[in-house]
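The structure appears right after this line, and notes come after that.
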Amino acid sequence: MPSFRAPRGTRDLLPDVRARFGRLEGIARSLADRYGYREMEIPILEQAAVFERGIGEATDVVEKELFRLAPRTEEAESWALRPEATAGIVRAYVQHGMQTLPQPVKLSVLGPMFRYDRPQAGRYRQFWQWDAEAIGDPGPAVDAEVIEMGLRFYVEAGVSDVQVLVNSIGDSACRPAYLGQLKEYFGRHEAELADTDRQRLETNPLRLLDSKDPAMAALIAAAPKISECLCDACSNHFEALLAHLDAVGVPYRVEPTLVRGLDYYARTAFEYYRRGAEGQQQALGGGGRYDGLAELLGGRPTPAIGFALGLDRVLLALEEGGEVRTRPVAPLAVVVGADPADTVTRLRVASLLRAEGLAIRAELAPRKLGRQLEAASRDHAHFAVIIGDELADGHVQLKDLEAGTQRLVALEDLAKDLARAAKSHHHG
Ligand code: AMP
C-alpha cells in the first residue's frame, strides 16, 4: 500500500480549519464591497517572466522561492506558480485595457500563493492571501484608505493590537542618491557583511536594510535614513499620508528601515504587526505603492498601491488568543423511515426538502428505525421526519427531537412547516 502525504510545506485544510478560513474570506469580501474593491481571479500560474519582472530577479521570492514548472516541450514557455497576486493583477489590468476604465480600478483577489521556502510555523509553501489593489491613483489619500482597510480586516477578524509600520522609500528622483549613500556606507563596512549581503551591496543595496541577520542590526540602525534624502514631492506625499492616517485613527509607527527593495516601488511602504512582535520576522501583512509596475509589464505608467494580508498567520494569531473552533452545522432534520430498506423514499423526501432550501440529512443506512433516530440525535438535528404507513395517504410524522413531541404533517406542508420551525430555532 502506498503511503502518500501532502507535499512538504503544504497542508490539507480539513473542514474545521476550512470553515475558519471561510470566515476570514467572508470578512475580506465584505470589506471589499464596503470599500469598493471588486473581486476577480487570476490564474494560479503565469509566465515566469511576469514574476521575474513584476517582483524583480534580485529578490528572494524570485531568486530562491519561485515554484517553476518544468516545461512540457522544448520550446514551451516557462511557467511558475504565483508567489503573490500583485504582478498577476497588474498583468491582467494591462492585458484587458483597464486603463480606459474610470480610475482607480480597485481589485481584490483571495486565494493560495506558492513559495518554495523552508517550512516552519507561519511559513508554508502554499499559503493564503487576501490581496487588494487600487490601480490608477497617485495618492496619498488612497494610500491611507488602503492601509485603513487592511487594519479593519484584523479588527473584524478579532486580532487585537495590530499596528502599522510605515515608511516612504522615495521615488526615481530621490532614491538613486540614497542608494549611493547606502552603498558607500555598507561599502565601508564590507568586512562585517555576510557573503549574501555583500552580493546585495551590488545587486540591490536597499535589501541590506531588510536583513534579518541579528549581527546586522546595529549596522542597519546606524545606516543613512531614506527620510533624510526624500525629495520635496516624496516628503510632501509622506506627510500627507500620515495626516490622513491620523484623521482615520490608524495607529502607526514610522519605521525608517522598512523598505521594499525594488525599483518600481515608490514612496509608501507598510507592514502590519501585532504590538510587541514588530521585531519578529513575520509580518501579518504588508503592502506598498508600486508606481512603476504597470509600465514594466507593458502598460502605460500607472500609479498604484495595494496590500497582501496572509490569512494563515491571522488564524495562528487567533489560535494563540484561544479562538473557538467551529463545529459542523447540524441539519435541521433527518429523514428516517420505518422500513430500513426503503432508502428510495427517504432520499426522495430529503431531496424535496433540500430543494426548498433546508439543511436535511437523509438516513441512508438500512438499519432499524430506533438506530436511525439515535443517529439523528447524535447529529444534533432538531427534527426527525419519520416515514411510515401514514405515507399511504400523504402524511409523515414530524418529531421534535428536543421537545420529544411528535405530530402528523401532510407531506405537501412539510417544507413550509419545517421552514417555520427553522426560523423559531434560529436554524437552517
Ligand atoms: P509579502 O508579499 O512577503 O510581504 O507577504 C505578505 C504576507 O503574506 C505576509 O505578511 C504573510 O502574512 C503572508 N506570507 C508571505 N509568505 C508566507 C508564507 N511562506 N507562509 C505563510 N504566509 C506567508
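Counting starts at 1 for both ligands and their atoms, following the listed order.
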Checklist entry - Looking only at heavy atoms, is any part of Arg115 under 4.0 Å from ligand 1, and if so is it the side chain, the backbone, or both, or is it neither? => result side chain
Item to check | Part of Leu284 with heavy atoms under 4.0 Å of ligand 1, whether side chain, backbone, both or neither | outcome: backbone
What is the closest protein heavy atom to [atom], and at what distance does it sit?
atom	answer
atom 11 (C) of ligand 1	Arg313 NH1, 3.3 Å
atom 23 (C) of ligand 1	Phe127 CD1, 3.4 Å
atom 4 (O) of ligand 1	Arg260 NH2, 3.3 Å
atom 13 (C) of ligand 1	Gly310 CA, 3.7 Å
atom 19 (N) of ligand 1	Tyr124 O, 2.8 Å

Checklist outcome for this item: Nearest heavy-atom contact between Arg346 and Ala362 is O-CB, 4.2 Å
Which ligand 1 atoms does [X] reach within 4.0 Å, using its non-hydrogen atoms?
X	value
Ala283	9 (C), 10 (O), 11 (C), 12 (O)
Gly122	20 (N), 21 (C), 22 (N)
Gly285	10 (O)

Checklist entry - Do Glu148 and Tyr35 pass the side chain to side chain donor-acceptor pair (under 3.5 Å) test, and can you show the C-alpha distance, the side-chain angles, and the key distance before you say yes or no? => result CA-CA 10 Å; Glu148 195 249 350; Tyr35 284 73; 2.8 Å; yes
Next on the checklist: Could you tell me if the side chain of Asp171 sits less than 4.5 Å from the side chain of Asp291, heavy atoms only?
Outcome noted: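 Of all side-chain heavy-atom pairs linking Asp171 with Asp291, none is under 4.5 Å.
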Next on the checklist: So Phe127 and Leu311, do their side chains get closer than 4.5 Å, heavy atoms only?
Outcome noted: no
Next on the checklist: Quick one about Glu271 and Tyr273 (side-chain donor to acceptor, distance below 3.5 Å, no hydrogens or angles considered), yes or no?
Outcome noted: yes
Next on the checklist: Evaluate Gly286 for polar contact with ligand 1, using N/O atom pairs at a separation under 3.5 Å.
Outcome noted: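 N/O-N/O distance below 3.5 Å does not exist for this pair.
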Checklist entry - Considering residues, nucleotides and ligands other than Arg188, do more than 12 of their heavy atoms fall under 6.0 Å from its CZ? => result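 Yes, CZ of Arg188 has more than 12 neighbouring heavy atoms, counting only those of other groups under 6.0 Å.
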Next on the checklist: Quick check on Arg29: does its CZ atom have over 12 non-hydrogen neighbours (other residues, nucleotides or ligands) under 6.0 Å away?
Outcome noted: yes
Checklist entry - Among His189, Glu190, Arg207, whose side chain to side chain contact (heavy atoms under 4.5 Å, CB included) with Leu201 holds? => result Glu190
Checklist entry - atom 8 (O) of ligand 1: which of Gln129, Arg118, Gln282 has the nearest heavy atom? => result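 It is Gln129 that holds the nearest heavy atom.
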